[in-house]
Amino acid sequence: MSAITAERCAERPSVKADEVAAYVVAAAIWAPSVHNTQPWWFATRGAELTLHADSRRQLGVADPAGREMLISCGAALFTAKLALRSLGYIPETRILPDPDAPLVVARLRWRHRALPSAYELALYEDVTRRRSHRGGFGPLPLPPGLLECLRRDGAREGAQLRVATDDGSRAVVSAVVEMAESVQRKDSAYVRELAAWAPPPGSARPDGVSPAAYPARPVRTIPAFASRDFAHGRGWGLPGSGTVAGAYCPGLVCLLTTQSDTPADWVHAGQALQRILLAGTGSGVAAALSSQPVEVDWLREVLRAQLGDRSYPQLVLRLGIVPQIEMSVRRAPESVLFLGSREPATA
Ligand SMILES: Cc1cc2nc3c(=O)[nH]c(=O)nc-3n(C[C@H](O)[C@H](O)[C@H](O)COP(=O)(O)O)c2cc1C
C-alpha cells in the first residue's frame, strides 16, 4: 500500500507523521461504503488525523439521516486504526468529538507504541482483498468457531451480529428485503439516485458500483434476497458470476444491530461491520450486504419488531464461503487527505 512498514517505523521511531497519515489513509479508503460513495475525507496535523464525513456524498434520498454515511465512515475508522496497529502505534480515538461539528466523525492520535499481534496483521493484510459479494453462496457452513468470533468482534465495537437461525426468521428477513427493493424500484427519486452511483461498463470513475462488481443476472437464492438494480435493466454486470457452480444458498442470514440509534451508534456499527468483514475474509468467508430494508422506515420497524428486544437493525448481512472476485475502485488517497483542516474543494 505505502512505502513505510512496521519494521521501518520500529527502526526509525521519528518517522514523519505525514508519512504515517498517508499510509493510514491509503488503507482506510478500502473500507466498504454504501454504493461505494466513499463519503469521507481526512485532515492531518502532526501525529493526528481527523476523519470527516463528506455530506456532498451522502445519499439524500435513500439515507436522509446520514446513517449509512456514518456506518461507512465507521468502517473507514476501523481500517485506519488497524493500519496504525500494523505500524505498531496505539490509536487513541475520540468519536464525534465536537457536538457543534457533527460531520467530524473521529480524531485519531498515535503517541504510544506496542507490537501488533499476528491477528491484527492478518486483518490488515485483508483490507485490500475484501470485497462485497452479490449473489449466492456455496453449501458449506462457516468454519467451526468463526461465528462466535464474529459475534465477539461485533460486540467489541459496540454492535451485535444477530443470526436468523430458523426458516421462519430467514423468511421474514428475505420478505422484508424483497419488499424494500420493490418499494424503492417504484420511487423515481430513489432510482435516479442509484443510477448516479452506478457507472456504465468501461467508466473511469473512481467511485460508485461498477458492473465488474455485480452479476449480470441476479442470482435467485432460496429464500430470495433481492439485489439492488445497479444495471437498471441494461444487462451490465459480470456474466456467470455471483455464485459458485450450483450454489443457491443465501448463506448465514444475519442482522447487524445496535442498542440505540444515535450517530455514535452508526459509527460503532461501521467499525463492527469492518471488523466482522475482515475477520470473515481471513477465513474465506464473504458477505453480501443489504441496506434496502433499513432505508424504508416502516420496513425497518418490521425488522425491529422481529428482534424482540427493540434493538435497531443497521444492516442485513449474508455470510458464506465464496471466492471474493468482484472488482472495486477507490479515489486516490491523495485526493481525500489534506494538511490542516482545509476542506476539499471538490467532492
Ligand atoms: C452502509 C452500507 C450499506 C451497503 N448496502 C449495500 C446494498 O444494499 N447492496 C449491495 O449490493 N451492497 C451494499 N453495500 C456494499 C457497498 O456497495 C460496497 O461496500 C461498495 O460498493 C464498495 O465495494 P467493496 O465493498 O467490494 O469494496 C453497502 C455497504 C455499506 C457500508
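First listed ligand is number 1; within each ligand, the first listed atom is number 1.
- Ligand 1 is never approached by A213 to a heavy-atom distance shorter than 4.0 Å.
- W40 pairs in a side chain to side chain contact (heavy atoms under 4.5 Å, CB included) with only one of the listed residues (L77, D54, V105, L51), which is L51.
- In this structure, a donor-acceptor pair under 3.5 Å is present between the side chains of E295 and Q184.
- Contacts between R131 and ligand 1 below 4.0 angstrom, taking non-hydrogen atoms only, involve backbone and side chain alike.
- Evaluated by nearest non-hydrogen atom to atom 25 (O) of ligand 1, the leading choice among A180, A75, S132, S291 is S132.
- None of R304, Q160, R162 except one satisfies the side-chain hydrogen bond (donor to acceptor under 3.5 Å, both in side chains) rule with D309; the exception is R162.
- Not a single heavy atom of M327 sits closer than 4.0 Å to an atom of ligand 1.
- Between the side chains of T50 and R45, no donor N or O sits under 3.5 Å from an acceptor N or O.
- Proximity of S328 to ligand 1, defined as any heavy-atom pair under 4.0 Å, is confined to the side chain (atoms from C-beta onward).
- The option from L289, L315, D207 that lies nearest to atom 28 (C) of ligand 1, judged by heavy atoms, is L289.
- W197 carries R205 over the face of its six-membered ring, with the cationic atom under 6.0 Å from the centre and within 45° of the normal.
- For the ligand labelled ligand 1, residue S33 lies inside the 4.0 Å heavy-atom shell.
- Only side-chain heavy atoms of R330 come within less than 4.0 Å of ligand 1; its backbone N, CA, C and O stay farther off.
- In the hydrophobic cluster analysis, where Ile, Leu, Val, Met, Phe, Trp and Tyr join through side-chain heavy atoms closer than 4.5 angstrom, F225 is grouped together with L255.
- Residue contact annotation: E326 has no non-hydrogen atom under 4.0 Å from ligand 1.
- Screening R152, R275, R151 for a salt bridge (Lys or Arg N to Asp or Glu O under 4.0 Å) with E157, the sole residue that qualifies is R275.
- Below 3.5 Å of separation, one finds an N or O of R134 facing an N or O of ligand 1.
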